[in-house]
Every structure is written in structure tokens, then in C-alpha cells.
Amino acid sequence: QAYHLIRDAGGYESLVGNWSAADAIPFLLADFAQGLEYFALEDGFQALPCRIASAFEERGDRIVTGHTLARIDRDSAADRPSLRLTFHRNEANGPGSRGAVADRDTVEVTARHVVLALPRRAIEMLHPDSVLFRSPRVVSDIGMVLAQPAFKIFACYARPWWRTTRGIVAGRTVTDLPVRQCYYWVTGAEHHGDVPWVTGAPQPAGSRGASSALMASYNDGTSVEFWKGLVRNTERYAPRAEVCPPGVGIPLATPGTIAPAALVNELQRQLRELHGLSSVDDPRTADLIAPYFAVCRDWTEDPFGGGWHFWKIGVDSQRIRRRMQRPYPDLPLYICGEAWCAQQGWVEGALESADEMLERHLLRADRREQAIRV
């Protein structure tokens, strides 16, 4: 009974799942202690990778996107250890496609150093003859983390109904319904960011009024299967004209992320139950307003495999994550990211993993080369 109470009330099913206790205990004590404060970036979380990319480009370096890594081989023709990378252009079969491509859609690049900031599933999707898989030990190390199923649904409303019906301003609500967790965000009247609106030019300040975004569902574990069934519905959600706030354009969405109509209907039903509105007699507050925009993401899909990762039971995580940073001493190949860090599930862990890998390997090697030149 105590176990099920923690599982239902904690919001995360995976936290009480089967993973390494040596990593789970400090994780839970540090990240879910009482009195913790959570902060948000003023310009949205996308501002972080954009700022990192800008700093990279300001150094004169170049960023190329729209390609999928397919294979890694040793470049035997080079005079020093190098790797040959084979990419597929994503445009061949649509965004993110991994299907068969023509020769003209294949790009080969030779690199002195290769850093794979990839999760387990994305690495496993590389060609099986890639040089990365030549050692059984490395293949075994890749399998020492387990991807955790996760699913998110975001919905935009013309006004923050959770305030007018229940007086909720911020924070989260937890339930044992498949919706599991609901997070309340700021409204348009409180914050105006640069959003790519379909209507073109940015809307004048104040025109967005009280339009609000809600992370309507953040769920993991078995709840993901519930929502995956609704995602298979091909009819996408199309809001009625009257639910769209005046002067507000519909944000651009990645193709395929707009939520199905059946999913939105079920989401609304569960949100009504979660907030106790199904038993309210007053018709002005008994029903939720319909969203004017809704998107969802199943993080179990390729190439992610899951929303985050946990170390398996009995794994010496510190030893394996250090081995993963450079799997082969004779190859300039490095691996980092959230899946291979000490703070799995957090962006901080991914950044710390990258920083540690750079400091222990690439920067140290760069200093050695400079010393040799001197």
C-alpha cells in the first residue's frame, strides 16, 4: 500500500521502478527533497541551446542540421587517426526520416574528432558495421542504461481557466489518472516572448491578452501506453473559431506533433475530473473551455527511445560513464549526454557530462598538441 501511494502521489511511475538503488537514492534525496525551488528561463528553454549555438558560431565555427548520422568508419587513408561519417539528408523522406535514400542524399565527412551526444536508442540505430560496435564490451556498456517511456501534452487556451475555476496560479497537480501531472505556466498577459506565429509579424504587446499555455499532461511508465493508443487516431485536432483568442496566431508546430482530436477530447475529460469540475453545479465553471492549439510528443519514438534514462540494477555507473566518454583509446570517438551522466533525466546532467568529457579528453589532447608545437 505504501509503495502504491508513493507511485500514485509522486507523479512519476519510473522513480519507483527497477533501477540502480546506488544511483536512485542520492537522485531522490537531491532532486525531490522538500522545499525545492524550480526556476524557468525568461525567454523559454529553447533560449539555452540557441545561446550555446550562437556562442559556437561567434567563434567562426559552423552548425549544419537536417542530417541523420547513419554510419561511422575508421578512415584508413588519413595520416592520423580519423573517422569517416556517413549522413543521410533528412529531406529525402521527410523530416527525421530514416528510410532508404538515394546516393545523392548521402553525405560523407572525415573528422579528426567525433562527439556523439546521443541517447542509447540513437546509437543503436547506427549501421551495425559501424566501428563503434567492434567490441563486445562497448556494446554491453551501451546497454547498461534503460530508456524510460515518457509522454507530454501541451495545450493553449484563450484564458487560464484553472485560475477562474480553482484559483490555481502556478505549480503542478498530480493524479493517478493517465494524465498524471499537470503544470501551470504564465499567461500571455504576464509574459511576451518571441514566438513564431503563423500570421507572420509579431503581435502587438497586449494583443495576446490572457491566452495561456498548459503542460496538460506529463506522464511516464504504463500511462504512456494509454496515450499511444489515442495517438494512432489520424484525425487531428481542429479548434472551433470561437475558442481562438482574437489577434493571436497559431504557433508553428513540427509536422505530426499536432494532437489527434480523440486525444484532446480525452485530455479535456481527465482535466475536468482532475480539477473536480465534473461535480460542480454552476454551469459557468463546470466545464473547461476548449483549447485553440494542442500538441503532443511520444518520447519513446525513434531516435529517442525514451524521455530519460536510468542505470540498470547492479551497474557501476561511474566506471561505465567514464568508459563511454572514450570507448576506444585508439579512436578519436567520444560519447556524452543525459543517458551517460550522473544526473540522468536533467539537462544539467547532460551539460555536466559534456563538460567532463571535454575536460578529460579533448581539451587535454589539445593542450598536449600545443605543448608539442612549442
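Everything quoted here is computed from the prediction, not taken from an experiment. Note that the numbering runs from 1 along the sequence shown for the chain.
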- Query: Which class fits the ring pair Tyr218 and Tyr183: parallel under 30°, tilted 30 to 60°, perpendicular over 60°?
  - Reply: tilted

### Query
Less than 4.5 Å apart, any side-chain heavy atom of Val114 and any of Pro332?
no

* Consider only side-chain N and O atoms of Tyr184 and Thr173, and report whether a donor and an acceptor are under 3.5 Å apart. => yes

Please say yes or no: joined through hydrophobic side-chain contacts below 4.5 Å, possibly via intermediate residues, are Leu118 and Phe304 part of one cluster? no

query = Just by distance, do the side chain of Arg71 and the backbone of Thr86 share a donor-acceptor pair under 3.5 Å?
reply = no

Crowded around Glu242 CD? As in, over 12 foreign heavy atoms under 6.0 Å? yes

Do side-chain atoms of Tyr237 reach the backbone of Ala262 as a donor and acceptor pair under 3.5 angstrom? no

Check the orientation of Phe27 and Trp346. Use parallel for under 30°, tilted for 30 to 60°, and perpendicular for over 60°. tilted

The reported gap from CD1 in Ile123 to CD1 in Ile335 (rounded to nearest 0.5 angstrom) is 4.0 Å

Tightest non-hydrogen contact, residues Ala259 and Val264, listed as CB-CG2, 3.8 Å

Does the pair Met324 and Met144 meet the rule for a side-chain contact (heavy atoms from CB on, under 4.5 Å), with working shown? CA-CA 11 Å; Met324 289 293 291; Met144 288 298 104; over 6 Å; no

Short side-chain to backbone donor-acceptor contact, Ser54 and Cys50, under 3.5 Å | yes

Verdict with reasoning, Val115 to Cys336, per side-chain contact (heavy atoms from CB on, under 4.5 Å): CA-CA 7 Å; Val115 178; Cys336 64; 3.9 Å; yes

*Are any side-chain N or O atoms of Arg74 and backbone N or O atoms of Ser82, one a donor and one an acceptor, separated by less than 3.5 Å?*
no

Practice item. State, without any angle test, whether His309 and Gln148 hold a side-chain donor-acceptor pair at a distance under 3.5 Å. Key: no

- request: Indicate if Val347 and Trp299 have the same hydrophobic cluster label, given that clusters are the connected sets of ILVMFWY residues with side-chain heavy-atom separations under 4.5 angstrom.
  value: no

Task: Thr164 versus Arg159, side-chain donor and acceptor atoms under 3.5 Å - done: yes

Closest non-hydrogen contact found for Thr175 with Arg180 is O-NH1, 2.7 Å

side-chain contact (heavy atoms from CB on, under 4.5 Å) assessment of Ser20 paired with Phe310
CA-CA 8 Å; Ser20 170; Phe310 284 148; over 6 Å; no

- prompt: Do Gln344 and Glu338 have side-chain N/O donor and acceptor atoms under 3.5 Å apart?
  reply: no

Smallest heavy-atom separation, Leu271 atom then Cys182 atom, equals CD2-SG, 4.1 Å

- Would you say Val174 and Val169 are hydrophobically clustered, going by side-chain heavy atoms of ILVMFWY under 4.5 Å? no

Q.
Checking side-chain polar atoms at under 3.5 Å, does Gln181 have a donor or acceptor matched by the opposite partner on Ser217?
A. no

Quiz item: Cluster question for you: counting only ILVMFWY and a side-chain heavy-atom cut-off of under 4.5 Å, with indirect links fine, are Ile320 and Val139 together?
Solution: yes

request  = Assess whether side-chain contact (heavy atoms from CB on, under 4.5 Å) is satisfied between Val179 and Ile153, documenting all intermediate values.
outcome  = CA-CA 9 Å; Val179 76; Ile153 309 172; 5.9 Å; no

Report, as yes or no, whether the 6.0 Å neighbourhood of atom CG on Asn265 holds more than 12 heavy atoms from other residues, nucleotides or ligands. yes

For His113 and Leu362 the tightest heavy-atom approach is ND1-CD2, 3.3 Å

Interatomic distance, CD@Glu225 vs CG@Asn219, rounded to 0.5 Å, equals 10.5 Å

Asp73 and Asp129 have their tightest heavy-atom pair at OD1-O, 4.1 Å

Query raised in the report: Just by distance, with hydrogens left out, do Ser317 and Lys312 show a side-chain donor and acceptor under 3.5 Å apart?
Result: no

Closest heavy-atom pair, Ile258 versus Arg236, reported as atoms and distance to 0.1 Å, is O-NH1, 2.6 Å

